[in-house]
Amino acid sequence: MPPPRGGSWCVVPRARQSGWGHCRRDQRRCCAAAAAALRRTQDHARAGNLAFLGDALWSLYVRNHFLTPPKHVSKYHQAVGRHVTAEAQAAYYDALLASGKLSSSEAELMRSVAGGSSPPGASGGSKASGAGAGKQQQQQQQPQQFRKRFASPAHQRVYMKATALEALVGQLHLTDGDRLEEVMGLCLALVDGRETGSVSSGVCY
């Protein structure tokens, strides 16, 4: 079945888009426009923008990974649920950094977001002067607000690592789809390792 007009199925992982050349072109144009818009976004908000996108993509890739063999929908949710929590994503963050397979810029992006800083290269955000600049500085100095379940410092570190992983996924989706496939391949190998028990709990959780 062909994709709908406008390429609205472009969110499907690229591996499922074989033969849909026009859909991939639409995806690249949309991603380029979104990336340009993010470069104009205030620096302190950019990590959240990327993570917002990466959260959806991470869930989609994991769901796609467990799609076969066919199973009851409750089994799908059970299988996927173990890998889309903040704790799981934080563990995959640690495992990816430990693997040594990320580029220096990818590792720097994740570490900076996990540490609560703006992503590297975020200095292209909009510049303000006078009262506008003061308002931006005040916003940047406001502490990160966490949900109650992340109230403790340890849980906050978990949350920030998960956010950093999502930010990397979002960044790669906008800038380098082929590299996104490679990184998600590494992540899904970790998912399989945890499913089979071949990855130790000390690494994956």
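- Within a 6.0 Å radius of CZ in Phe52, other residues, nucleotides and ligands contribute 12 heavy atoms or fewer.
- Taking Ser99 as the reference, nothing meets the side chain to side chain donor-acceptor pair (under 3.5 Å) condition, with sequence neighbours excluded.
- Between the CG atom of Leu172 and the CG atom of Leu53 there is a distance of 10.5 Å, given to the nearest 0.5 Å.
- Closest approach of Phe66 to Ala79, counting heavy atoms only: CD2-CB, 3.8 Å.
- A search for side chain to side chain contact (heavy atoms under 4.5 Å, CB included) contacts involving Ala164 returns Tyr93, Met110, Val113, Ala114, not counting sequence neighbours.
- Crowding of Lys75 atom NZ: a count of heavy atoms from other residues, nucleotides or ligands under 6.0 Å not exceeding 12.
- Every side chain to side chain contact (heavy atoms under 4.5 Å, CB included) that Ser74 has, sequence neighbours left out, goes to His72.
- Val80 and Val62 make their closest contact through CG1-CG1, 3.9 Å (heavy atoms, listed as atom of the first residue, atom of the second, distance).
- Scanning both residues, Leu97 and Ala107, for their nearest heavy atoms gives CD2-CB, 3.8 Å.
- Taking hydrophobic clusters as Ile, Leu, Val, Met, Phe, Trp and Tyr residues chained together by side-chain heavy-atom distances below 4.5 Å, Tyr61 shares a cluster with Leu186.
- Every side chain to side chain contact (heavy atoms under 4.5 Å, CB included) that Ala154 has, sequence neighbours left out, goes to Ser152, Arg157.
- The side chain to side chain donor-acceptor pair (under 3.5 Å) search around Arg111 returns none, not counting sequence neighbours.
- Applying the side chain to side chain contact (heavy atoms under 4.5 Å, CB included) criterion to Glu182, with sequence neighbours excluded, gives Arg179.
- Shown here for Gln89 and Trp58, the closest heavy-atom pair between the two residues is NE2-CD1, 3.2 Å.
- Between Ala167 and Ala47, the shortest heavy-atom contact is CB-O, 4.2 Å.
- Ring orientation note: the planes of His83 and Tyr92 are close to parallel, at an angle under 30° on the 30°/60° scale.
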